[in-house]
There are 2 protein chains.
Amino acid sequence: MLEAQLNEASILKKVLDSIKELVTDANFECNDEGINLQAMDNSHVALVSVKLERVGFANYRCDRPIPLGVNLNSLTKVLKCAKDDDMCTIKASEEADVLNLVYEAKSSDRIAEYDMKLMDIDSDQLGIPDTEYDAQVTMASSEFARIVRDLSQLGESVRIEVSKEGIRFASDGESANGSVLLKHSADAPPGKDEEDEEEKDSEDEEEEDEDGEKKEKKAKVKKEKDAEDVDMENGDGDEEEKGSDDEDEEDSSSKKRKKKATKSKPSKKAKKDKKKKEKIKEEPEMQGVNIQLNQLVSLTFSLKYLVNFSKSSNLAKNVRLLMSSDVPLLVNYEFGQGHIRYYLAPKIGDE
Amino acid sequence: MLEAQLNEASILKKVLDSIKELVTDANFECNDEGINLQAMDNSHVALVSVKLERVGFANYRCDRPIPLGVNLNSLTKVLKCAKDDDMCTIKASEEADVLNLVYEAKSSDRIAEYDMKLMDIDSDQLGIPDTEYDAQVTMASSEFARIVRDLSQLGESVRIEVSKEGIRFASDGESANGSVLLKHSADAPPGKDEEDEEEKDSEDEEEEDEDGEKKEKKAKVKKEKDAEDVDMENGDGDEEEKGSDDEDEEDSSSKKRKKKATKSKPSKKAKKDKKKKEKIKEEPEMQGVNIQLNQLVSLTFSLKYLVNFSKSSNLAKNVRLLMSSDVPLLVNYEFGQGHIRYYLAPKIGDE
DNA sequence: TCAATGTAGT
DNA sequence: ACTACATTGA
């Protein structure tokens, strides 16, 4: 039996808006940790992976893992019947052939209840390799959306190059070519990601933690010192650091990093829990662009898909692009309650 | 000869937007009391009745009753040529085969004049029986619109049940079933429906008087109506008034009414006149749902029509649904200058 | 949140 | 061909 309650139906609505064009049917895999969805897009070119962590729910109970086969169009319709700030409770019984959704107005004077048929879906649960990416770029999700939308008017595909200089999106079209370069923000403390007020913990989790740190450091440091810094300086800074850093960092705040280095990084979970307690919120929009680069990458992707992915912009202020040569691009949106990740294989040659 | 002047062309525009999909041709029956339109919808399933009272006009003159046969599409086109806040004067001569419309900007620096051909229409002037309804439900028109729109995504028809509990809208569809329950608002004492204009409905509004608390709540509601009143103050005021008011309270001008209190109820016209003077305004959106119930009713209706009716939401903040078993539903929108009423027969069995 | 454009239905 | 509804963009 599954019973999960969200304080804001809008999260679910946004998730569905994000993926419903890509995928028509999918299994929501519910287990004690939360709810996962993983599916290839209809043309089997892209893969989308959604995670809603149990901590993101006001209430969550899942006695044993259940896959809920959902037609996303139906679910979208049903979710449209929820107002954004309704409390939303979803329930499914053990041999669920129906998903029950209850929307309750905060004022409690309106209660809407929907039952949606479920279906059996063969799940493609593909294992996603845990790649080490050569380039990690974090930027405002709205900026990413704007760029791919703009370029999609010109051509079919975009070449994304990440270098020390920054990240460049270039597209060639019949009537015009376009190129957008985002410089690695010198001053941009990547805004401090979530609030890392607590850094007490121990685990260093993968990349994310690193980021967190960087951000923190950056944020603080820069403000303190370098707020005024100009890009150039930053660039220099970067270069200097490279020698020592290449494993994990590159951005401007390496100094600070060192200081903090003694501390371990906060665990991801810890952070999230905290957030929740405080009031779940996504990280504030970062300023500028944060690039971590091990190796220069240049890959070409279909703009159609990227435009599609960028519909998730309303879920998170920031987006992270992770790339390595000859490996699918990962477009990652983190929001308070989980994440949505898109994988897209690069185009080869000039196809 | 008819000559009628509206301060705001928008009223007429809204009325036509509301009904033009339902009816293509209709007679505007003009007489000394105002203008009435009554017509079956094109498929003869629903009936729409519009009344514009003469007091709603800045000027009104109608020497003797005239029916003006109008093609509503034509009139809609002509009305689109008026700006919302234009003064609008319509004229028709005795043997009118043309309707003359003059739009004058408030600034008087623009005058537009249109002549629209009239036609002869056999009027179906159906007498509408003056039913006593077992259930009367008043709610925000926007909420009603939202509910029927939502449910229309799922199924063809909706079952509306009114009980002590509240009002439930339920629809079954292929991929999902839905049910929306609006509880009778605590603060809106069921007895009272706001404007029982002529109190022809059984005045069962006694309860209000009994409990002061409820009244206060109510008071709030009312306050909203009275733009000038402050909530708290108003509450008190209201209570005081109630004794005398329950007979005729209804819209915004309760205070003034008070003054009038010596009289039992002011005549409807009088009230309206007053409103006008004050500046004709529709009643503010009520909070919550007000239900008056003599007997439980459960009826099924075509959502398509209800969605259509709900286009009148821009004419009035509130809508009132009146139902009795085996009798057509009445959907009533009252606005400052008159009303628009829709009648729709229930579906029988599971058709 | 509102407006404009495109698509579907009558 | 016209109108209405839905989706996307500003």
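Quick note on labels: first sequence line is chain A, next is B, and so on, each numbered from 1.
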Students often mix this up, so state it plainly: with edges at 30° and 60°, are the rings of A:Phe144 and A:Phe169 parallel, tilted or perpendicular? tilted

To the nearest angstrom, how far is B:Asp17 atom CG from D:dA4 atom P? 9 Å

Between A:Lys13 and A:Glu8, does any NZ, NE, NH1 or NH2 come within less than 4.0 Å of an OD or OE carboxylate oxygen? no

Check whether any side-chain N or O of A:Lys80 sits under 4.0 Å from OP1 or OP2 of D:dT7, and answer yes or no. yes

Would A:Tyr103 and A:Tyr114 count as a close aromatic pair, with their ring centres under 6.0 Å? yes

Could you tell me whether A:Lys347 and A:Glu156 make a salt bridge, using a distance below 4.0 angstrom between a side-chain N and a carboxylate O? no

Would A:Lys117 and B:Glu174 pass as an ion pair if we require N to O under 4.0 Å? no

Can you give me the N/O atom pairs linking the protein to nucleotides 8-10 of chain D at distances under 3.5 Å, or say none if there are none?
unit_1	atom_1	unit_2	atom_2	d
D:dT8	OP1	A:Glu21	OE2	3.0
D:dT8	OP1	A:Lys311	NZ	3.3
D:dA10	OP2	A:Arg149	NH1	2.9

I'd like a table of atom pairs between the protein and nucleotides 5-9 of chain C - only N or O on both sides, under 3.5 Å - with the distance next to each one.
none

Please determine whether salt bridge (charged side-chain N to carboxylate O under 4.0 Å, His left out) holds for the pair A:Arg159 and A:Asp172, giving the CA-CA distance in whole Å, both sets of side-chain angles, and the decisive distance to 0.1 Å. CA-CA 9 Å; A:Arg159 188 178 66 257; A:Asp172 292 346; 5.0 Å; no

May I have the distance from B:Asn73 (atom CG) to D:dA1 (atom C1'), rounded to whole angstrom? 13 Å

With a 3.5 Å cut-off and sequence neighbours excluded, list the donor-acceptor pairs that the side chains of residues 71-78 of chain B form with protein atoms.
unit_1	atom_1	unit_2	atom_2	d
B:Asn71	OD1	B:Asn73	N	3.0
B:Asn71	OD1	B:Ser74	N	2.8
B:Asn71	OD1	B:Ser74	OG	3.2
B:Asn71	ND2	B:Asp25	OD1	2.9
B:Thr76	OG1	B:Leu72	O	2.6

Answer yes when B:Glu29 and B:Lys51 have at least one side-chain N-carboxylate O distance shorter than 4.0 Å, and no when they do not. no

When the distance from CG of A:Asp84 to C1' of C:dT1 is rounded to whole Å, what number comes out? 12 Å

Given atom CG of A:Asn314 and atom P of D:dT7, what is their separation to the nearest angstrom? 15 Å

